[in-house]
Protein chains: 2
Amino acid sequence: MSMSFYTADSLKAELHERGWRLTPQREIILDIFQNLAAGKHLSAEELCDLLQTEGHDISLSTIYRTVKLMARMGILRELELAEDHKHYEINQPHHHHHHLICVRCNQTIEFKNDSVLKIGDKTSKKEGYHLLDCQLTIHAVCPACQRSILPV
Amino acid sequence: MSMSFYTADSLKAELHERGWRLTPQREIILDIFQNLAAGKHLSAEELCDLLQTEGHDISLSTIYRTVKLMARMGILRELELAEDHKHYEINQPHHHHHHLICVRCNQTIEFKNDSVLKIGDKTSKKEGYHLLDCQLTIHAVCPACQRSILPV
DNA sequence: ATTTAAAAGAGAGTTATTCTCAATAAGGCT
DNA sequence: AGCCTTATTGAGAATAACTCTCTTTTAAAT
Ligand SMILES: [Mn+2]
Ligand SMILES: [Mn+2]
Ligand SMILES: [Zn+2]
Ligand SMILES: [Zn+2]
């Protein structure tokens, strides 16, 4: 979890470090995530739609490639909030938080807890791993779903 | 995270509570997970193979249905250890642990931490959620993969 | 300006997982 | 012990998220 806020220049620097390039597409996608309201999470499809409403036609292929790249760089967090597709959000230490998810309706609540990141730091350091992200995921059944008697 | 160890009878009881049935397939699959070596995680395909070597022909459909059912009941934990398929392990409070995963080679290290479950309990209780599972997942790059210069 | 290779776009391909539906069997009841 | 209801299984088809392939474009080093 290296940087906290990326400018076009700092993203460019990190990409160049690895022999990669800064493209308009990457810059635009990063910008979307940095300006996303707190608590919002985007799937690849949702990101594609949002880009289109803002007048940016970026192909789904590029979107999938970019979010994966940024997750592997530690810039985005990859979240398993739903059954069949991933969600992404920006990864910024000072907004570091966790997710409480209802396994039936997927309603998600974010919460903060300072000790979790400490545990992640300590554990990865101890094993010699380079930390990218550290997330506590709570799977549970929300009050509304507890009341309903639907299957599982 | 209700029970710690299931017998055929206690599984039957929990199923019947919801109008469901105890089948030989469910009993056998639960048995596999309860006797799995610590640190082992099974995908649906791996579980299918393992069942076959033990002389049990259970269809893939049933396997997928059963692990999902048991995860939603809180009996199994659903883990995202690899990119393209899920893994499962038994969910027992006294063996409660977490995972440090290399995002490049998927090597996984298990570790324990008592405070994490407390955070999960407190948070879900506060929101009125019924806790099923609570897992801290650390995404990182292992020492070996840090040395290699391969793409992402 | 030229060159080189990384990246984008379009669409085909892959595959884990789910769905459908006919056949089976769990468990309640008598 | 047999009957009945309906949850569950098994087989294979269907789905859809995601990846791959290949051509074209373009970032950026020289
Ligand atoms: Mn979030
Ligand atoms: Mn484990
Ligand atoms: Zn719910
Ligand atoms: Zn590795």
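Every chain is numbered from 1, with letters handed out A, B, ... down the list of sequences. What you are looking at is a predicted structure, and each value in this text was computed from that prediction instead of being measured. Just the heavy atoms: all of them, side chains too, but no hydrogens, waters or symmetry mates, feed the values below.
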Any pair counted as ring-ring contact (aromatic ring centres under 6.0 Å, His included), so long as it reaches residues 42-87 of chain A, sequence neighbours left out: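 Sorted pair list: A/His85-A/His87.
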Length of the line joining [X]:[atom1] and [N]:[atom2], which is rounded to integer Å:
X: B/Trp20; N: D/dT5; atom1: CH2; atom2: P; value: 23 Å
X: B/Asp84; N: D/dA16; atom1: CG; atom2: C1'; value: 15 Å
X: A/Leu11; N: C/dA7; atom1: CG; atom2: C1'; value: 14 Å
X: B/Glu83; N: D/dC20; atom1: CD; atom2: C1'; value: 15 Å
X: A/Leu30; N: C/dA7; atom1: CG; atom2: P; value: 16 Å
X: A/His85; N: D/dC18; atom1: NE2; atom2: C1'; value: 13 Å
X: A/Glu80; N: D/dA17; atom1: CD; atom2: P; value: 14 Å
X: B/Arg65; N: C/dC21; atom1: CZ; atom2: C1'; value: 11 Å

A/Lys12 bridged to A/Glu27 by N-O distance under 4.0 Å: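 Judged by the 4.0 Å cut-off on N to carboxylate O distance, A/Lys12 and A/Glu27 do not form a salt bridge.
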Sidechain N-carboxylate O distance under 4.0 Å for B/Glu127, B/Lys122: no
Phosphate OP1/OP2 of D/dT26 contacted by A/Gln25 side-chain N/O (<4.0 Å): no
Side chain proximity check, A/Ile119 to A/Leu136, heavy atoms < 4.5 angstrom: no
Contacts under 3.5 Å, N or O only, protein and nucleotides 24-26 of chain C:
from	atom 1	to	atom 2	distance (Å)
C/dA26	O3'	B/Leu22	O	3.3
C/dA26	N3	B/Arg21	NH1	3.0

Crowding at CG, B/Asn35 (>12 non-hydrogen neighbours, <6.0 Å): yes
B/Glu14 side chain to B/Tyr6 side chain, donor-acceptor N/O pair below 3.5 angstrom: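 Checked: B/Glu14/B/Tyr6 side chains pair up, N/O donor to acceptor below 3.5 Å.
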Whether A/His98 and A/Phe111 hold their rings parallel, tilted or perpendicular, with breakpoints at 30° and 60°: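 Tilted.
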Nucleic acid contacts - residues 49-64 of chain A versus DNA chain C, non-hydrogen atoms under 4.0 Å: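 Nucleic-acid contacts, sorted: A/Asp57, A/Ile58, A/Ser59, A/Ser61, A/Thr62.
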For A/Ile63 against A/Ala44, the heavy-atom pair lying closest together: CG2-O, 3.8 Å
Touch class at under 4.0 angstrom, heavy-atom based, for B/Arg26 against every strand present: sugar-phosphate
Inter-end axis angle, the helix from C/dA1-D/dT30 to C/dT30-D/dA1, with every axis fitted to five base pairs (rounded, 10 degrees):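 What I find for the helix from C/dA1-D/dT30 to C/dT30-D/dA1 is an axis angle of 50°.
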ILVMFWY clustering at 4.5 Å (side-chain atoms), partners of A/Phe5: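 When side chains under 4.5 Å apart are linked, A/Phe5 ends up in no cluster with other residues.
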Residue B/Lys68, side-chain heavy atoms: nucleotide from D/dA17, C/dT18, C/dT20 that is nearest: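 Taking heavy atoms from C-beta onward, the closest nucleotide is C/dT18.
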Single-linkage hydrophobic cluster B/Ile90~B/Leu50, side-chain heavy atoms < 4.5 angstrom: yes
Contacts of A/His99 that satisfy ring pair (Phe, Tyr, Trp, His ring centres under 6.0 Å) - sequence neighbours left out: A/His41, A/His97
